[in-house]
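Just so it is clear: chains get the letters A, B, ... in the order the sequence lines come, proteins before strands, and each one is counted from 1.
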Amino acid sequence: MEERYSFKEIEEKFQAKWEHDKPYASSADESKPKYYALAMFPYPSGKLHMGHVRNYSIVDVIARFKRMQGFNVLHPMGWDSFGLPAENAAIKHQIHPAEWTWENIASMREQLKEMGISYDWDREVATCHPDYYKWTQWLFLEFYKHGLVYKKKAAVNWCPSCATVLANEQVVDGVCERCDTQVHKKDLEQWFFKITDYAQILLDDLDKLTGWPDKVKTMQRNWIGRSEGVELDFQIEGQDDKIRVYTTRHDTIYGVSYVVLAPEHPLVSTLTSGTQVESAVKEFVGKMQGLNEISRTSTETEKEGLFTGAYCINPLNGTKVPIWIANYVLMEYGTGAVMGVPAHDERDFTFAKKYDLPIKVVIAPKGQALDSSTMTEAYVDPGVMVNSAPFDGLENEPAMEKIADYIQQHGYGERKINFRLRDWLVSRQRYWGAPIPMLYCEKCGEVPVPEADLPVMLPTDVEFRAGGESPLKTSSTFIETTCPTCGGKASRETDTMDTFVCSSWYFLRFASPKSSDKVFESKDVNYWMPVDQYVGGVEHAILHLLYSRFFTKALRDFGHLKFDEPFANLLTQGMVCMYGSKMSKSKGNVVSPEEIIGKYGADTARLFTLFAAPPERDLEWNEQGVEGSYRFLNRVWRLVYHYAAALQAGQFTIGEVDEAAETLRRVTHITIKRVSEDISARFNFNTAISAIMELVNACYVYKEHSHQNYAVVNEAIRTLVVLLSPFAPHISEELWESLGNNTSIHLEAWPKVDEAALLQAEVTVVVQINGKLRDRITVPTDLDAKALEVRALSEPKVQQQLEGKQVIKVISVPGKLVNIVVK
RNA sequence: GCCGAAGUGGCGGAAUAGGCAGACGCGCUGGUCUCAAAAACCAGUGGGGGUGACUCCAUGCCGGUUCGACCCCGGCCUUCGGCACCA
C-alpha cells in the first residue's frame with residue numbers, strides 16, 4: 001500500500017475490476033426482497049454536468065446501502081435519446097442524428113463509469129434504438145386498440161423555429177420550452193393520447209402516493225384541475241339554437257346579466273352573420289386569433305368584448321340577457337361559453353363596469369344588504385341568497401346541491417365535472433423520434449401497422465436542412481408502402497412521437513431489457529416494479545411523472561401489469577448552483593465534472609455533492625468545500641494507513657477496555673446508528689457524512705493515546721471504511737484491501753449497532769434557572785428525577801444563584817435537564 | 001391574485017419527539033514543523049460588556065401557549081418555486 005492517496009490509480013484500478021467482475025449485476029430472485037433504485041435517465045447531450053453527478057450519486061448511495069443491507073437491488077441506466085438537439089446538430093454539423101447521438105452516449109457512458117456508479121450496465125437501454133422504439137410503437141398501437149389514441153384536427157401550439165407542434169406542457173410562458181421562440185396557434189391533424197379518460201383516477205390515486213413530496217402531488221392536482229359544476233342551456237331569443245354554459249357558481253344564476261362566448265365559439269357566426277355587427281365581430285375575432293396564447297389569457301390583459309346584438313333567456317327566471325363575445329373566455333375549457341354574474345365574480349365585475357352592464361346582487365353577507373350601485377368589487381365570499389326566487393334566505397354554499405337538483409329536475413341542464421387536463425398531443429413533425437406506426441390507404445383509410453411489421457424504421461437516406469419541414473415528409477422510400485389490409489397503395493404517417501412517450505415506460509423495460517418478442521416479461525416486471533425510489537429534478541413534477549402514471553394505469557387496465565403506480569417513493573433533488581443561480585452555460589457559472597474528477601477524483605466529487613446540502617435542497621457549489629472533502633479523504637487514508645499493518649492479521653477479541661477505548665467503541669456504534677438512520681429514514685447524506693467525519697476525529701484522538709487497544713481500533717477502522725463505502729466507493733475498496741481483505745467491500749453486510757456499546761455510566765445534565773442555562777453537572781445515567789433534582793439544588797453554583805429567591809417549582813428530566821423556577 | 005416551500009454565524013449547513021442553538025465542513029486568526037512555502041498537526045472563532053469569575057443579547061418581525069420555543073399557535077415581512085381570466 002502506498003503512503004499517498006493516489007485517487008487516479010485507485011479509481012482506474014477498481015473501475016476496471018468492477019467492469020470485469022460485474023458486482024452490480026442483478027437478476028430477479030423471488031427468495032430475496034427486491035429494491036429498485038432509479039434516477040431519471042438523461043438526454044445524451046454528450047457531457048455530464050454537476051446536476052447529473054449529484055442525481056446519480058444520491059441514487060448510488062441508496063443502491064449500495066440497500067445492497068449491503070441484503071436487498072436484491074436493481075440499479076439500471078439508460079438514455080432518453082430521441083429529440084431535437086440531435087437534429088439541430090445534424091443541420092449544423094452535417095452529421096446524422098443517430099451518429100451524433102451514439103457518440104454522445106458512448107462518451108457519457110464513459111463519464112458515468114468514471115463516477116463509479118454501481119449500475120447494472122447489462123440492462124442499458126436507449127430509446128432511439130430500434131429494439132426499444134419498436135416497443136414504443138407497439139405500445140402506441142396497444143393504446144390505439146383500446147381506444148386511447150385518436151386523431152383530430154386541432155388548434156395546436158406551433159413552434160416556427162423547431163417547425164413542430166408542442167404539447168401544452170412544453171409551452172412555457174407562451175414560448176417554446178426548448179428554444180424560447182414565440183409559439184403560434186395552427187390548425188393541424190394530430191394524434192392524441194386520451195389521458196383525460198384517466199383524469200379522475202390520476203387525481204384520486206395521488207392519495208396513495210405517501211412516499212411522494214406534497215409539493216409534487218399538489219402540482220399534479222392543480223394541473224389535473226378538477227372542478228364540479230353544472231352545465232345548462234340559455235335559449236337564444238328568436239332562434240332555435242341554445243347556448244350551453246358551464247358554471248361552478250350555480251348559486252348565482254339569478255344574478256346573470258349577460259352571457260359571453262369565446263371568440264372561436266361556433267355560434268358566433270350563426271348569431272352575427274348578415275347583421276350590422278358582422279364586420280366588427282369578424283375584426284374582433286381575427287384580432288383575438290392573431291394574439292398568442294399568453295397575452296390572450298393573461299390576467300394582466302385588459303378584458304375586451306363586443307355585443308353580438310342577440311339575446312338569450314335565463315332558464316331559471318326567464319330574464320332576457322345580452323350575448324357578448326369576449327377575450328377572457330376560452331374555447332378549450334367547459335363549453336366555451338359562460339354566464340356573466342358581475343356581482344359575484346371578479347372578472348365579470350370588471351367586464352360589467354367597463355361595458356356598463358347591469359350588476360345584480362344575489363348573495364349578501366349574513367345580516368347585511370349589498371348595494372350594487374356602490375360596490376367597488378365583486379362579493380365572492382359565502383352569504384345568504386337574495387333575489388333568487390325559490391332559494392331566497394338559504395346560505396349559498398349548502399344550497400349548491402339543491403340548486404343543481406332543481407336545474408336537473410326542470411331539465412335546464414345537468415351536473416358536470418370538468419378537468420383542466422387536456423388530451424396529450426403526441427404528434428411531432430420531426431425526424432428524430434419514434435415513427436407513429438400508422439398508414440393511410442386510399443381504400444381502407446387509417447390503418448395501424450401490423451405488429452409483425454414493427455419496428456417502423458427511421459430511414460437513413462434523408463437530408464437535414466435548417467428551418468425546413470420534417471425530412472420524413474420527403475423520403476419516398478419511407479412514405480410509400482402497401483396496405484396490409486387490401487394490398488393496395490398506402491402512405492406512412494410521417495409524424496414521430498413526442499419523446500415523453502418514450503420516457504413514459506422505460507422503467508418497465510429495465511426489468512427485462514433484452515426481451516425480443518415482448519415489450520417486457522410480466523414475471524420480471526411484476527417482480528421488480530414498482531420503483532422503490534425514484535430520484536430526479538422537480539422540473540419533471542408534472543409532465544414525465546403524470547405521463548408515466550398514465551401509462552402504468554392504462555397498461556394495468558390492458559392486463560399487462562399487476563400494479564397501477566410506477567414510483568412508490570419520489571425524491572426531487574435540488575439544483576446545483578453557483579453564485580446563487582443554477583449552473584448554466586448562458587450564465588457562465590459552470591464547473592465541469594471532468595475538471596473536478598481530474599483534479600480531486602470521483603470519490604471527492606461524489607462526497608462533496610452529497611455533503612454540501614441535503615438532497616432536496618439547492619446546492620451552492622464551492623471549490624473550497626470540494627477541497628475540504630478531498631482533505632477529509634486524505635485524512636481517512638492516512639488514518640487507515642497508520643493502522644493497516646497492525647490490523648491486517650484480522651482476528652481480535654474485545655476484552656478489557658479502558659476509558660479511552662470505551663469512548664472509541666461508543667463513538668463507533670453511535671456512528672453506525674446515525675449513518676444508518678440518516679441514509680434510510682431521511683436521505684440526509686450530509687449529516688451521515690458529518691457523522692463519519694466525527695468518527696474519524698475520534699480515531700485521531702484515540703491514536704494519541706499511549707495504550708492502544710487494537711481490537712477496538714480494528715472495529716472502529718473497519719466500520720469507518722464500510723460506512724464510507726456507499727459514498728466513496730473507490731477509496732474504501734482500496735482501504736478495505738489494505739486491511740487484508742480479498743473480497744469486495746461492496747459485498748460486505750452493513751454493520752450492526754451494539755446497543756451495549758452505546759451505554760454510558762455518566763451523563764451531563766443541564767441545570768436551568770427560569771429556563772436559562774446556569775450549570776452543567778455530570779451524574780450517573782440512571783439517576784432518577786427526584787435524586788437529580790436534589791443533586792442539582794445542592795450544586796454550589798446553583799445555590800449561589802438561588803440566594804434570596806423562592807423556589808416555586810422544579811422540572812426534572814432524567815438524563816437531560818433540571819429547570820428550577822424561582823421568584 | 002391563488003397554492004406551496006424556505007428564512008439560523010463571514011459561508012454551506014446541524015439541532016431526528018418542545019429540553020445545552022450553531023454539530024460537521026469551509027473561511028479566518030494565532031501557533032508547531034520548515035531556510036522558506038505547501039501539506040499536516042495543535043488552539044481559537046455568533047455579537048456586545050467586563051481585568052476576571054462572569055454577564056447580557058441572539059434562529060426574518062410582532063404577539064401567544066409552555067417550567068422551557070429555531071421547533072407549536074395567530075398575525076405580518078422577505079425570498080424562491082408552481083399555477084394563473086379554467087367560469
Side-chain angles (χ1 to χ4, degrees), chain A residues 173 213-223 225-227 229 245-250 252 260 262 294 296-303 326-330 332-341 345-348 350-351 418-422 538-539 541-542 574-575 580 607-608 611-614 616-629 631-632 634-635 638 674 677-678 681-682 684 686-694 696-697 700 704 764-776 797 800 808-813 815-822:
Chain A
D173 294 334
D214 289 339
K215 179 173 68 169
V216 173
K217 287 191 278 188
T218 304
M219 281 163 74
Q220 292 215 350
R221 248 176 228 121
N222 293 340
W223 192 263
R226 181 191 146 102
S227 81
V245 304
Y246 172 68
T247 183
T248 54
R249 289 300 306 274
H250 35 287
T252 65
V260 212
I294 8 155
R296 179 47 218 287
T297 62
S298 163
T299 44
E300 315 279 290
T301 308
E302 190 172 350
K303 297 191 182 5
N327 60 345
Y328 74 94
V329 180
L330 309 171
E332 305 88 76
Y333 185 76
T335 59
V338 298
M339 57 186 217
V341 186
D345 182 279
E346 277 177 46
R347 297 157 300 186
D348 297 348
T350 317
F351 193 75
N418 268 323
F419 295 93
R420 306 168 74 146
L421 183 71
R422 322 249 172 102
V538 73
E539 66 273 17
I542 299 171
M575 301 180 295
L607 198 71
F608 175 73
F611 178 62
E616 67 282 358
R617 240 197 265 190
D618 286 352
L619 180 155
E620 178 67 21
W621 186 264
N622 173 4
E623 176 115 10
Q624 282 171 328
V626 179
E627 276 177 37
S629 295
R631 248 193 322 261
F632 168 68
N634 274 284
R635 204 166 138 79
R638 290 193 305 271
R674 286 172 62 187
E677 283 172 7
D678 283 350
R682 313 194 306 155
N684 281 7
N686 55 332
T687 49
I689 293 166
S690 61
I692 298 172
M693 287 172 169
E694 286 182 69
V696 172
N697 293 345
Y700 269 95
E704 297 309 308
T764 301
V765 163
V766 169
V767 183
Q768 297 179 335
I769 292 172
N770 285 345
K772 292 203 168 171
L773 176 69
R774 285 292 180 257
D775 200 5
R776 275 176 241 264
K797 244 185 188 170
Q800 205 184 327
I808 296 169
K809 191 173 173 183
V810 179
I811 312 285
S812 178
V813 183
K816 286 239 167 95
L817 72 97
V818 178
N819 188 12
I820 304 162
V821 186
V822 300

Listed nucleotide nearest any side-chain atom of [X], set [options]:
{"X": "A:Arg631", "options": "B:C26, B:C83, B:G19", "result": "B:C26"}
{"X": "A:Lys303", "options": "B:C26, B:C41, B:C85", "result": "B:C85"}
{"X": "A:Asn327", "options": "B:C85, B:C83, B:G25", "result": "B:C85"}
{"X": "A:Ser227", "options": "B:C67, B:A87, B:G19", "result": "B:A87"}
{"X": "A:Ser690", "options": "B:C24, B:G19, B:A87", "result": "B:C24"}
{"X": "A:Tyr328", "options": "B:C83, B:A40, B:C85", "result": "B:C85"}
{"X": "A:Gln624", "options": "B:G27, B:A87, B:C67", "result": "B:G27"}
{"X": "A:Met219", "options": "B:A87, B:G82, B:C83", "result": "B:G82"}
{"X": "A:Asn697", "options": "B:G19, B:G25, B:C83", "result": "B:G25"}

Please measure how far the [atom1] atom in [N] lies from the corresponding atom in [M], and state the result in whole Å.
{"N": "B:U59", "M": "B:C70", "atom1": "P", "value": "7 Å"}
{"N": "B:C83", "M": "B:C28", "atom1": "P", "value": "42 Å"}
{"N": "B:G9", "M": "B:G25", "atom1": "C1'", "value": "14 Å"}
{"N": "B:G81", "M": "B:C73", "atom1": "P", "value": "26 Å"}
{"N": "B:G19", "M": "B:G68", "atom1": "C1'", "value": "7 Å"}
{"N": "B:G18", "M": "B:G7", "atom1": "P", "value": "16 Å"}
{"N": "B:G27", "M": "B:G50", "atom1": "P", "value": "33 Å"}
{"N": "B:G48", "M": "B:C42", "atom1": "P", "value": "28 Å"}

Between A:Gly625 and A:Gly771, name the one whose nearest nucleotide on RNA chain B is closer to the 5' end.
->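 Counting from the 5' end, the first nearest nucleotide belongs to A:Gly625.
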RNA chain B: 5'-proximal contact among A:Ile820 and A:Arg674 (nearest heavy atom) | A:Arg674
Under the rule for salt bridge (Lys or Arg N to Asp or Glu O under 4.0 Å), what residues qualify as partners of [X], not counting sequence neighbours?
{"X": "A:Lys303", "answer": "none"}
{"X": "A:Arg635", "answer": "none"}
{"X": "A:Lys215", "answer": "none"}
{"X": "A:Arg617", "answer": "none"}

What's [X] touching, base or sugar-phosphate or nothing? Going by heavy atoms closer than 4.0 Å.
{"X": "A:Glu346", "value": "nothing"}
{"X": "A:Gly628", "value": "sugar-phosphate"}
{"X": "A:Val766", "value": "base"}

Residue list, side-chain contact (heavy atoms from CB on, under 4.5 Å) with [X], at least two apart or on another chain:
{"X": "A:Glu627", "answer": "A:Tyr600, A:Glu623"}
{"X": "A:Lys809", "answer": "A:Ile811, A:Val821"}
{"X": "A:Val822", "answer": "A:Ile769, A:Asn770, A:Leu802, A:Lys805, A:Val807, A:Ile820"}

In B:G9, glycosidic geometry as syn within 90° of 0 or anti otherwise |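 You should classify B:G9 as syn.
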Would you call A:Arg631 and A:Asn634 a side-chain contact if the rule is heavy atoms closer than 4.5 Å?
->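 No. Closest side-chain heavy atoms not under 4.5 Å.
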Think A:Arg635 has a side-chain N or O under 4.0 angstrom from the OP1 or OP2 of B:C41?
->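 It does, given that an N or O in the side chain of A:Arg635 lies less than 4.0 Å from OP1 or OP2 of B:C41.
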So does A:Arg638 get a side-chain nitrogen or oxygen closer than 4.0 Å to the phosphate oxygens (OP1/OP2) of B:C41?
->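 For B:C41, OP1/OP2 do have a side-chain N/O of A:Arg638 under 4.0 Å.
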d([atom1], [X]; [atom2], [N]) in whole Å:
{"X": "A:Gln768", "N": "B:G19", "atom1": "CD", "atom2": "P", "result": "11 Å"}
{"X": "A:Arg420", "N": "B:C3", "atom1": "CZ", "atom2": "P", "result": "14 Å"}
{"X": "A:Trp223", "N": "B:A84", "atom1": "CH2", "atom2": "C1'", "result": "11 Å"}
{"X": "A:Glu539", "N": "B:G82", "atom1": "CD", "atom2": "P", "result": "10 Å"}
{"X": "A:Glu616", "N": "B:G81", "atom1": "CD", "atom2": "P", "result": "17 Å"}
{"X": "A:Ile811", "N": "B:G19", "atom1": "CD1", "atom2": "C1'", "result": "11 Å"}
{"X": "A:Leu817", "N": "B:A21", "atom1": "CG", "atom2": "C1'", "result": "15 Å"}
{"X": "A:Ile808", "N": "B:C67", "atom1": "CD1", "atom2": "C1'", "result": "10 Å"}

Considering all heavy atoms, the nearest A:Tyr246-A:Tyr333 contact =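 The answer is CE2-OH, 4.0 Å.
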Work out which heavy atom in A:Val765 is nearest to a heavy atom in A:Gly815; give both atom names and the distance.
-> CG2-C, 3.9 Å
Using a 4.0 Å cut-off on protein heavy atoms (strictly under), produce a 5'-to-3' string for nucleotides 51-57 of chain B with B for base contact, S for backbone-only sugar-phosphate contact, and - for none.
-> ---SSSS
Sugar-phosphate or base contact per nucleotide [nucleotides 5-13 of chain B; S, B, -; heavy atom under 4.0 Å] | -------BS
RNA chain B in dot-bracket, Watson-Crick or G-U pairs under 3.5 Å, [ ] crossing, | other strand?
-> (((((((..(((......[....)))((((((.......))))))((((....))))..(((((..]....))))))))))))....
Tell whether A:Asn819 reaches the base of B:C67 with its side chain through a donor-acceptor pair below 3.5 angstrom.
-> yes
Donor/acceptor link under 3.5 angstrom from A:Lys809 side chain onto base of B:C67 |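 For A:Lys809, whose side chain was compared with the base of B:C67, there is no donor-acceptor pair (under 3.5 Å).
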Tell me, please, which residues at least two apart from A:Glu302 pass side-chain hydrogen bond (donor to acceptor under 3.5 Å, both in side chains).
->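 Partners of A:Glu302 by the side-chain hydrogen bond (donor to acceptor under 3.5 Å, both in side chains) criterion, ordered by chain and then number, come out as A:Lys354.
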Under the side chain to side chain contact (heavy atoms under 4.5 Å, CB included) criterion, do A:Lys816 and A:Val766 qualify, and how do the steps go?
-> CA-CA 7 Å; A:Lys816 286 239 167 95; A:Val766 169; over 6 Å; no
With A:Phe608, which residues qualify under ring-ring contact (aromatic ring centres under 6.0 Å, His included), at least two apart?
-> A:Trp621
Check: A:Thr350/A:Tyr328 side-chain N/O donor and acceptor closer than 3.5 Å | no
Using the side-chain hydrogen bond (donor to acceptor under 3.5 Å, both in side chains) rule, take A:Asn418 and A:Ser227 through it: C-alpha gap first, then chi angles, then the decisive distance, then the call.
-> CA-CA 5 Å; A:Asn418 268 323; A:Ser227 81; 5.5 Å; no
